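Computed from a predicted model, the values in this text were never measured in an experiment. Here is how names work: the chains are called A, B, and so on, in the same order as the sequence lines, proteins then strands, and each is numbered from 1.
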Amino acid sequence: MSDTFQLDGKNVPFESGQTVMQAALAAGHYIPHLCYHPEFKPHGSCKLCTVKVGGRTAASCTMPAEAGLNVESNIEEMNGLRRTLVQMLFAEGNHFCPSCEKSGNCMLQALGYDLEVHTAGFRHLYPDRPLDASHPDILLDFNRCILCELCVRASSEVDGKNVFALSGRGIAKHLIVNAKSELLKDTDIALADKAMQVCPVGVILKKRVGFSVPIGERRYDQRPISAQALDDAPRLSDASSSCAACEGTP
Amino acid sequence: MVSVPGPHATYLNPILERHGHAAASLLQILREAQEHFGYVHPDALDYLSAQLRLPRARIEGVAGFYSFICLQPHGEYRVLFSDNITDRMLGSQTLMEQMCQQLWVEPGKASEDGLVSIGATSCTGMCDQGPAMLVNGRAVTHLSHQRVQEIAHLIRNRTPLDDWPGDFFRVEDNIRRKGLLLDSTLAPGDVLRAALAPGAADIVAAITASGLRGRGGAGFPTGLKWEACRLAQGAEHYVVCNADEGEPGTFKDRVLLTSHADLVFEGMTLCALAIGARKGFLYLRGEYRYLLEPLQAVLQRRRENNLLGACILGQPGFDFDIAIHLGAGAYICGEESALIESLEGKRGVPRSRPPFPVTHGYLQQPTAVDNVEIFCQAALAIHMGADNYRAIGTPKSSGSKLISVSGDCPRPGIYEYPFGVSVREVLKDCGAANTRAVQISGPSGVCVAESEFGRKLCFEDLPTAGAFMVFDDSRDLFEVARNFVHFFAHESCGFCTPCRVGTSMLKQTMDKIAAGHGTRYDLAEIEHLDQVLQTSSHCGLGRTACNPVLHTLRHFRPAYENRLKSLDFEPAFDLDGALARARQMTGRDDAGAHLKPEET
Ligand SMILES: Cc1cc2nc3c(=O)[nH]c(=O)nc-3n(C[C@H](O)[C@H](O)[C@H](O)COP(=O)(O)O)c2cc1C
Ligand code: SF4
Ligand code: SF4
Ligand code: FES
């Protein structure tokens, strides 16, 4: 028997230990998110998933679900906030979607469309972030990094390797690789690594497969991220095996 | 991995040994390695990675988080000018330029001969005796043209710091007004002896009854915190004293640790008794590095007097000791969960809460984190009795508060008052004249203008962690706010989007206004940023980062509007400015090298 909370007026059942995000996705309700990934411990850094709970705001991916909560997510106040956060992420890096291999498969871009972010909003910071093309099979384009740490987490928690880490602080925070040369070719990364699969944007790319699926036929070209995200999430029926659902998706 | 032998092993081995090769001591190890070698060499990273069994990149990431840890050489003498607004008001910027000229260096870059680098750092906690700076981590106070000249000379002659005039490093207490804390004549052990018999539950009950509330800013009831920690399940419990004191304008913890260290440690030991802890930490900000040896001497004396160690005061089972951890230049490490991360040798990033430190703190064990002053006040409350303590102050703010007064007044320093003292009274006592505004509790606090000088310092009205920066009518409050905004952008840990990007955007907007390109649109943009930062930031830093601007806008809007162009919108991109580099390269500055202003 599980308790319930309210999400935008609907009853959402949850099990003890679940966060608001986990329970919502499992019950088929979408809350926008970026750094949250169903297979990893919630991180709580992008803040796209911010919701209103009893007049206060909180990141739904890290907030423990509790019986009787009244959660408001799909309201203009929160969507407006999310639009600004997406604008901030675009302004912070160097994103040239038309020439990006990830275009159409990129969560940031997909969120931009879904949330109807029509303007830049901020003066772009144009940071200087050189590429790392040293590895024979893998390209790192740091210009697009949104610092969600999914690759850091995947490499250490799943691959047992620690290929990636973060350094710097504040706006100077940046991704580094585990090598004295600071080059990816000198790490033990492999194409089969989980870290190769988790980047929500176009930083960690496999070489020589560019544009093999034409733009227009890609993941978020077919269905918006709000629908795709629900497919990815473990659903109520298979909540016991936390990542069965997403492994089934193509 | 083969470990790299060579020169680094020689000095790293004793350091590693001292820290038991513990990964949790990483920050301490890095700091000591740097003290020895000047910076953390790439080979040293490799060696530490092998010895501590930590990924190299993770060590590099930790080193890269802290301002005082350097991965590159930065000169034999690293000079960092304290960049609080109070230092600026005392002329720090001119002094820094002077020193750069005398030593032929550009700010932020090491000189070509590797002798010196000169830069700025966040407030070093010497606002009552500024302008101040750090030289290789040691605090120098009372800078003047004369002193800067002498220092440039000493550096040019490569004079070791130990041979510099002792006067340069003298830090005064500047205690101006005493109250129950600063007047206390308690001898080491007095409070502990009295608390032993009643025991843990009674100590917590008395602290609760005393009405004691946090002195680090939030004002959380101390009794509740200790009780929750006492009852929390865990193999170990920990006491942590937060001596990060990073809020610009605050320096009372410095004075307590200088002249009342015994009382601080007595309070920590009392807390250990109350919550059942066997180990405690003092997290001391790197800027107070000079206090390390004196504090260690006090700890040693307390061990010798059976006030620390096993069976304290002969009580079987009452075992407790304290270790000092030094910070390394990161304001965010004052936030309690970031502090705990830092204690564990990690990047100082605030944790997601819940769970809270009282149940899942240091090494995920129940941990009570309190401000330096709280440990003193708790000891006093136990000594005086809850009722007597509660009789001081106001109904919801019992006891006294140490106020750090700096800025435009003839008598800056430490003032102790019962809670409830008015802003005006403090101004009178410190001799301030023609005061335009006071910044209470630092940049994250509030700016009050003359109409509000009747307000009272207490949790019911103006809560404060202790900073009290005075600005007279010669000061431009816009520049004050801009300095604070730069501080937040520099100190944002970068974990969450709104604060990491938002503080930079805010800084950019303030700089745009300062450069004369601001419009009303920018003021609206600031209010929008504030909304976003307040509602979605991960911790208090981001949530309060817009305060300085909003408060000064509220009281001193003309200071902003006078700088605005009449246009409603002006692009931040300055076309003519963009040609500056080309002009510099071609050595031209004639009219033809400038864009003509467009007629409208
Ligand atoms: C950004 C930030 C910086 C902080 N810095 C300090 C500090 O330097 N010293 C301090 O005692 N508390 C600081 N705090 C408050 C601590 O998180 C915590 O509340 C305090 O140490 C608890 O002690 P108290 O109950 O005695 O106030 C800071 C909080 C935030 C959000
Ligand atoms: S590279 Fe990708 S996965 Fe890694 S932190 Fe950056 S955006 Fe996230
Ligand atoms: S609000 Fe700022 S300091 Fe706090 S976690 Fe976010 S980025 Fe870090
Ligand atoms: S999805 Fe919750 S903070 Fe990123």
Side-chain angles (χ1 to χ4, degrees), chain A residues 19 34-35 41-50 52 56-59 61-64 77-78 80-82 84-92 121-123 125 146-149 152 155-156 161-182 187, chain B residues 4 42-43 45-46 49 54-67 71 329-330 332 347-355 488-505 507-509 512 525 528-529 531-532 534-538 541-542 571-573:
Chain A
T19 65
L34 201 44
C35 69
K41 197 169 151 269
H43 194 236
S45 61
C46 75
K47 303 298 176 194
L48 256 297
C49 68
T50 303
K52 211 163 176 179
R56 308 182 62 169
T57 47
C61 69
T62 51
M63 183 183 192
E77 192 185 340
M78 290 302 107
L81 170 71
R82 291 171 189 142
T84 306
L85 293 173
V86 168
Q87 287 173 329
M88 284 180 168
L89 287 170
F90 272 112
E92 180 188 24
F122 295 100
R123 183 186 179 191
L125 297 176
I146 55 167
L147 304 165
C148 68
E149 280 183 63
V152 179
S155 186
S156 92
K161 286 190 180 176
N162 301 296
V163 170
F164 298 103
L166 290 169
S167 189
R169 189 175 76 202
I171 198 70
K173 187 170 90 160
H174 60 280
L175 193 66
I176 57 172
V177 298
N178 194 26
K180 191 177 190 174
S181 63
E182 296 177 23
T187 68
Chain B
V4 190
D43 290 343
L45 281 182
D46 280 335
S49 166
L54 283 173
R56 184 187 201 279
R58 200 172 302 164
I59 301 182
E60 193 181 338
V62 170
F65 186 87
Y66 297 92
S67 298
L71 292 165
I332 191 57
R347 293 164 57 84
V349 174
R351 294 177 175 174
S352 290
R353 289 164 298 168
F488 283 126
H490 183 254
E491 296 296 342
S492 162
C493 85
F495 174 74
C496 68
T497 311
C499 170
R500 182 180 70 242
V501 187
T503 52
S504 275
M505 297 302 176
K507 172 174 138 178
Q508 211 172 59
T509 307
K512 182 181 167 192
E525 188 53 45
H528 177 219
L529 275 173
Q531 265 297 310
V532 172
Q534 267 197 36
T535 49
S536 63
S537 290
H538 186 66
L541 190 153
F573 187 71

- Part of A/V177 within contact of chain B (heavy atom distance under 4.5 Å): backbone

- Task: Look at B/Q534, B/R353, B/H490 and state which one has the largest set of heavy-atom pairs under 4.5 Å with chain A.
- Result: B/H490

- Query: So do the side chains of B/V532 and A/L81 get within less than 4.5 Å of each other, counting heavy atoms only?
  - Reply: yes

- Query: Where on A/H174 is there a heavy atom nearer than 4.5 Å to chain B: the side chain, the backbone, both, or neither?
  - Reply: neither

- Heavy-atom proximity to chain B below 4.5 Å, by part of A/L85: both

- Message: For the interface with chain B, which of A/V152, A/V163, A/L125 has the highest count of heavy-atom pairs at distances below 4.5 Å?
- Response: A/L125

- Are any of the side-chain heavy atoms of B/V62 and B/L54 separated by less than 4.5 Å? no

- Query: At a heavy-atom separation under 4.5 Å, does A/I146 approach chain B through its side chain, its backbone, both, or neither?
  - Reply: backbone

- For A/A172, is it the side chain, the backbone, both or neither that has a heavy atom under 4.5 Å from a heavy atom of chain B? neither

- Item | A/K52 and B/T535, any side-chain heavy atoms less than 4.5 Å apart | no

- Task: Please flag which part of B/I332 lies under 4.5 Å from any non-hydrogen atom of chain A: side chain, backbone, both or neither.
- Result: neither

- Query: Can you tell if the side chain of B/H538 reaches within under 4.5 Å of the side chain of B/S352, non-hydrogen atoms only?
  - Reply: yes

- Note on the structure: Contacts satisfying side-chain hydrogen bond (donor to acceptor under 3.5 Å, both in side chains) that involve residues 54-64 of chain B (not counting sequence neighbours) are A/N162-B/R58, B/D46-B/R56, B/R56-B/E60

- Query: Can you say whether B/T503 sits under 4.5 Å from chain A via the side chain, the backbone, both, or neither, judging by heavy atoms?
  - Reply: neither

- Task: Quick one: closest heavy-atom pair of A/S45 and A/L147, and the distance?
- Result: OG-O, 4.4 Å

- Note on the structure: Okay, B/A330 and chain A: the region with an atom under 4.5 Å from a heavy atom over there is both

- Test item: B/R500 and A/I171 side chains (from C-beta on) under 4.5 Å apart, heavy atoms: yes

- Query: Using non-hydrogen atoms only, which part of B/Q531 is less than 4.5 Å away from chain A: side chain, backbone, both, or neither?
  - Reply: neither

- Just jot down the salt bridge (Lys or Arg N to Asp or Glu O under 4.0 Å) partners of A/K161, sequence neighbours excluded, or say none. A/D193

- Tell me, side chain or backbone of A/T187 under 4.5 Å from chain B's heavy atoms, or both, or neither? neither

- Task: Report the option among A/L89, A/L166, A/T50 that has the most heavy-atom pairs separated by less than 4.5 Å from atoms of chain B.
- Result: A/L166

- Parallel under 30°, tilted from 30 to 60°, perpendicular over 60°: which one fits the rings of A/F122 and B/H528? parallel

